[in-house]
Amino acid sequence: QVQLVESGGGLVQAGGSLRLSCAASGRTFSSYAMGWFRQAPGKERECVARIVWSSGSTAYSDSVQGRFTISRDNAKNTVYLQMNSLKPEDTAVYYCAAGYLRSFRASDYGYWGQGTLVTVSS
């Protein structure tokens, strides 16, 4: 059974930083793409960053390019999202997801964590 468990969310002031973690278990993820998504109240879920587990290849949405960094630790089966220069509009529930495709679409990811709330105050 695949499990994805996020941690690291919290309250931070604008301009600050947070690092989210996603611990993956239940199978070998080397053939997967891992994505970080976020969903703010009243908005659709959007992918902000994704990484191919085997190669480490990454991609970002325009809204976070240059501020967020996705990475993975193979030994710990963990994916991270380092978030710098946070803005109030980054406030959302952040989800980790695993899927077979290199995609920014939520429908291409079959496994999801429970989410962690990030609140950025102005």
Side-chain angles (χ1 to χ4, degrees):
Q1 183 177 357
V2 174
Q3 272 199 317
L4 303 175
V5 180
E6 302 100 332
S7 61
L11 175 64
V12 64
Q13 288 190 332
S17 298
L18 280 176
R19 188 176 80 155
L20 306 182
S21 299
C22 172
S25 62
R27 65 172 60 206
T28 301
F29 288 88
S30 59
S31 60
Y32 280 71
M34 304 294 293
W36 279 102
F37 288 74
R38 68 185 181 187
Q39 188 165 21
K43 295 190 176 182
E44 291 188 358
R45 191 169 295 192
E46 66 164 331
C47 183
V48 297
R50 61 165 174 80
I51 186 167
V52 177
W53 200 287
S54 58
S55 67
S57 173
T58 61
Y60 300 89
S61 67
D62 290 343
S63 60
V64 307
Q65 179 76 48
R67 299 188 299 123
F68 290 10
T69 302
I70 188 171
S71 62
R72 90 279 194 236
D73 184 326
N74 291 338
K76 296 182 178 180
N77 245 20
T78 300
V79 176
Y80 303 98
L81 185 68
Q82 177 67 42
M83 306 185 295
N84 298 329
S85 302
L86 283 161
K87 305 174 181 179
E89 51 263 44
D90 293 318
T91 295
V93 177
Y94 283 72
Y95 298 90
C96 173
Y100 286 111
L101 300 177
R102 303 182 185 191
S103 170
F104 280 101
R105 296 185 301 186
S107 59
D108 288 329
Y109 290 78
Y111 302 101
W112 292 84
Q114 81 288 350
T116 185
L117 177 63
V118 172
T119 303
V120 184
S121 63
S122 57

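Throughout, residue positions are numbered sequentially from 1 according to the sequence presented.
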Give the minimum heavy-atom separation between S103 and C47, together with the two atoms involved.
O-SG, 4.4 Å
Do V2 and V79 share a hydrophobic cluster, counting only Ile, Leu, Val, Met, Phe, Trp and Tyr and linking them when any side-chain heavy atoms are less than 4.5 Å apart?
yes
Any donor-acceptor N/O pair, E6 side chain to G115 backbone, under 3.5 Å
yes
Qualifying residues under side-chain hydrogen bond (donor to acceptor under 3.5 Å, both in side chains), relative to R72, sequence neighbours excluded:
none
If the condition is salt bridge (Lys or Arg N to Asp or Glu O under 4.0 Å), which residues does D73 pass it with, not counting sequence neighbours?
none
Working to the nearest 0.5 Å, report the span between CE of M83 and CZ of R19.
11.5 Å
Are any side-chain N or O atoms of Q114 and backbone N or O atoms of V5, one a donor and one an acceptor, separated by less than 3.5 Å?
no
What residues, two or more places apart in sequence or in another chain, satisfy salt bridge (Lys or Arg N to Asp or Glu O under 4.0 Å) together with R67?
D90
Atom pair CZ (R102) and OG1 (T58), whose distance is rounded to the nearest 0.5 Å:
10.5 Å
Does any non-hydrogen side-chain atom of C22 lie less than 4.5 Å from one of W36?
yes
Can you find a heavy atom in the side chain of W53 that is under 4.5 Å from one in the side chain of N74?
yes
Taking only residues two or more places apart in sequence, or in another chain, which ones meet R50 in a salt bridge (Lys or Arg N to Asp or Glu O under 4.0 Å)?
none
For the pair S63 and R38, evaluate side-chain contact (heavy atoms from CB on, under 4.5 Å) and give the outcome as yes or no after the intermediate values.
CA-CA 12 Å; S63 60; R38 68 185 181 187; 3.5 Å; yes
So does K76 get a backbone contact from the side chain of T78, meaning a donor-acceptor N/O pair under 3.5 Å?
yes
According to side-chain hydrogen bond (donor to acceptor under 3.5 Å, both in side chains), who are the partners of Q82, at least two apart in sequence or on a separate chain?
N84
Point-to-point distance, once rounded to the nearest 0.5 Å, from NZ of K87 to OG of S122
14.0 Å
Euclidean distance, C96 SG relative to Y80 OH, rounded to 0.5 Å
11.5 Å
According to a 4.5 Å side-chain heavy-atom criterion applied to Ile, Leu, Val, Met, Phe, Trp and Tyr, with indirect links allowed, do V64 and M34 form part of one hydrophobic cluster?
yes
Taking every heavy atom of Y111 against every heavy atom of L4, the minimum-distance pair comes out as O-CD1, 3.4 Å
Test question: given the 4.5 Å side-chain rule for I, L, V, M, F, W and Y, name all other residues clustered with L101, or answer none.
none
Taking L86 as the starting point, is it possible to reach Y95 by hopping between hydrophobic residues whose side chains are less than 4.5 Å apart?
no
F104 and S61: which non-hydrogen atoms are nearest, and at how many Å?
CE2-N, 4.1 Å
Give a yes or no on whether the backbone of S25 and the side-chain of N77 come within a donor-acceptor separation of less than 3.5 Å.
no
Hey, could you give me the CG/CG distance between L117 and L11, rounded to the nearest 0.5 Å?
9.0 Å
To the nearest 0.5 Å, what is the distance between CG on L18 and OG1 on T116?
9.0 Å
Indicate, with yes or no, if Y109 and Y60 share a hydrophobic cluster defined by side-chain heavy-atom contacts under 4.5 Å among Ile, Leu, Val, Met, Phe, Trp and Tyr.
no
Below 6.0 angstrom between ring centroids: does that apply to F37 and Y94?
no
Co-membership, hydrophobic cluster, residues Y32 and V48, 4.5 Å side-chain:
yes
